[in-house]
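Lettering of chains follows the sequences in order, A, B, ..., and the numbering in each one begins at 1.
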Amino acid sequence: MNLALFVIVPLACVFLIVLLARRFKALSDILANTAALFLLLLACFSLKQVAAQGVLTYNISGWAPPIGIALVMDGLSAFMLLTVNLVAFLAMIYAISYMRRYTEKWKFHALFLMMLTGMNGVILSGDLFNLYIFIEVASISGYALVAFGTQAEDLEAAFKYAIMGALASIFVLLGIALLYSHTSTLNMADIALSLAAKPRGILINFISVLFLAGFGLKAAIVPFHAWLPDAHSSAPSPVSAVLSGVFIKTLGVYALARVFFNIIGISAQLFYVLMILGILSMAIGAFLAVAQNDIKRMFAYSSISQVGYIIFALGIASPLAIFGALLHLFNHAVLKSLLFLNAGTIEYATDTRSLKGLGGLNDKLPVASVSSLVASMSISGIPPLGGFWSKLIIIIAAVQAGYFNFALVAVLVSVVTLVYYLKFYNTVFLGSLNAAIAEVKAVPFTMKFSLVALAIISLIAGGVLLPGLRIYLQAAANVLMR
Amino acid sequence: MTNNPSGMSLIVKTITRLTVGLILIYGFYIVLQSHIAPGGGFAGGVVMALSLIHLVLAFGRDAVLKKISQINSVCLMSCGAIAFLVIALSRLVTKNHFTGVLLSDIAIATMVGAGLFVVFLTLVLFIKESAKGNKQ
Amino acid sequence: MELHLILIFMICASIMAVEIKDLISSVIALSAVGLGLCLAFLVLKAPNLAITQLVVEILLVIVLIRATIKKDLPLVRDGRWLFNTVSTLLFIGIFLTFGYFALKELPNFGQPTMLVSREYLANSLTQGGLANIVTAITLNFRRFDALAEASVLFTAVIAVLAITRKTGKAHDK
């Protein structure tokens, strides 16, 4: 199976949309949604193939690595591809109706598909410089999508994100250049072999810090998180869903894990640094989220907190912890995108996002209410929903490794998470209809479809632990444990 | 130098008529000889875009926009991009490397040239829009 | 020796570009940085990069001058200026110290011909008839990277088109 299809198909669709969509109005919708659906089916199919065949590779233009570029798909890549394409497809369906509020929808579709190309390329890339270029492709489309509303605050948020993102990319590029000079090859497997043969010096530590700073900023880890809340409150809701659900995880967490676990190889100090950063992100994100009034900013800080859980679990680095980290990654991708799409629905229906101006929407927006309830309960860790299992596994792994105080912090943060999600649900949906709401518009079918689909997936996400489906997640975790 | 819609003085316009063609051909030359001398598709494309920008700076945006509209440039950029994608994938190229490099250079040059010209035109039109908005 | 002089020139020019109040002077200082970079590429024997850098710098300066003419930028010096400057200098100091010790471990420039580069040097003429090795690398061996770079440029153009729309949100009907 041709791995390059994951990148070629959305890229070709972008070029076709830009060429033709001015004349054929409905073309961009049809083409974009078909491409996203095709990629989702391809990701499911490839998950099965990797489970059967092991690692799949594809050498571009026939040049064998290390001369040429190779695309590699192992268990972790297949798992990430499924997550990314699933969330992107459902966000695209949602955007059919939601983006009617914006002008020139074809530019949105072009940028969105380009972001999807970049993310797929990052996941599949087997070559370090290729990884960097696809990070750039995804990042630039991200900057533009955040600014898509072209109001003054949208442009300011996008500008802030662009400057910080460009700085992060420079750090990553410097790290790649130094690594290439040290090992004389750019292929990831070759670099790993070459580094295993050389002694570890200050240079490797310097490169590790550069990568940590660069990828950490893309992943919105504290102290590099400052761009995320502004970017989220300005971006259109489907973009926020993809940004918080899969973008920061692909460009940040996946790239970090790939570079540190598989290429450079970790030392105990680096594990400890990852754990500390994870704990900081968890705590700071949660405490800042409680005080927010804007729904989307609250969800943005919650994202910072939950990504902290994933980084913390990666820092523990026992097999159980990595399993929990990946399960939490999938859970959070589904749940956070569901929450952001809900925020978009609320904004679509009532034209406001502030907690002070909302209330009592339980009867008027039943689909949004039920899916928000499911998502809030799951992300706070209420059994037997999916989020509970991933947090439990992470906390058990922390206790097993002996970090009792960190595990205690994780439990406390989980309680705080429950507090602010209950505050959100209570204020927005329960009670009587707020007098400040002028009218509640009806929610179109495509938006409801995405909400229901994501809610169903989040309900059955706990089922991944069943022995039949567990092998896929175990294969992904095994890649990082080598 | 101001945002004068009718361009610059007569001297500049006369010289531009002579140099625009030269710059365009020089850009194309950089692309074509990229296999034996420094150059390459990206640099050649930028030079071709610069020749068109030279035209806009000298003659003013209205005169140039009548001949080369922004939509045509966007279409040209997309065609160049699709051509490069097709060339990168086709089997012909994996057998004959030289043709592949030459064709992809030309495709890249088209894409880069048209794209940068679109960016410049967008910024020029944007300044015109906001100037009109300020006057109203 | 020349490389060090050019680098010092670039650092001075970029510091000037940040600190000058007048926007046009700042843009000219920025173009001096670009020119210095082009000269540095020539000294390092990379004419391909020098040509590209030069023409992109020309384009950049035209666009920037066009954008900053008749605009004024108030330079704000509020209370946090001292903290920002001190923390920036501290960060630069730590980065340079750490970097100096780390970069000592790198091999000398071009001394042992590296694994992949050796293959490129050997194969580019025979397997493509391309005497210019840089073009051979970017467009023959690593064509996928060139495709991705072209799509980065494409994305940037679409981004400019998207951000400079007249109206962002359609008015509700």
Name the member of [options] that forms the most heavy-atom pairs with chain C at distances under 4.5 Å.
| options | answer |
| --- | --- |
| B:Ile53, B:Val74, B:Asp105, B:Ile108 | B:Asp105 |
| B:Ser104, B:Gly39, B:Gly40 | B:Gly39 |
| B:Leu116, B:Val112, B:Leu50 | B:Leu50 |

message = Counting neighbours of OH on B:Tyr26 that are heavy atoms of other residues, nucleotides or ligands and sit closer than 6.0 Å, is the number greater than 12?
response = no
Starting at CD1 of C:Ile65, measure out to CD1 of C:Ile28 and round the result to the nearest 0.5 Å.
->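 The CD1 atom of C:Ile65 sits 5.5 Å away from the CD1 atom of C:Ile28.
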To the nearest 0.5 Å, atom CG of C:Asp145 lies from atom CD1 of C:Ile137 at 11.0 Å
I'd like to know which of [options] tops the heavy-atom pair count under 4.5 Å against chain B.
| options | answer |
| --- | --- |
| C:Leu161, C:Thr164, C:Thr135, C:Ile51 | C:Thr164 |
| C:Thr52, C:Thr138, C:Ile133 | C:Thr52 |
| C:Leu147, C:Val63, C:Val160 | C:Leu147 |

Considering all heavy atoms of both residues, which atom of C:Ala13 and which atom of C:Ala29 are nearest to each other, and what is their separation?
->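 Answer, listing the atom of C:Ala13 first, then C:Ala29: O-CB, 3.7 Å.
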Which atoms form the tightest heavy-atom contact between C:Arg66 and B:Leu57, and what is the distance?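 Closest heavy-atom pair between C:Arg66 and B:Leu57: NH1-CD2, 3.0 Å.
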Please look at B:Ala81 and chain C and tell me whether the side chain, the backbone, both or neither of the residue comes under 4.5 angstrom of a heavy atom of that chain.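 It is the side chain, since no backbone atom gets that close.
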Bottom line for C:Val134: the part with an atom under 4.5 Å from chain B's heavy atoms is neither
Please state whether the side chain, the backbone, both or neither of C:Ala146 comes within less than 4.5 Å of a heavy atom of chain B.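 Its backbone and side chain both get close to chain B.
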From the list B:Ile15, B:Val12, B:Leu24, B:Ile23, side-chain contact (heavy atoms from CB on, under 4.5 Å) partner of B:His54 resolves to B:Ile23
For B:Thr122 and B:Gln70, does a side-chain donor sit closer than 3.5 Å to a side-chain acceptor?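 There is such a pair (donor and acceptor under 3.5 Å, judged by atom type) between the side chains of B:Thr122 and B:Gln70.
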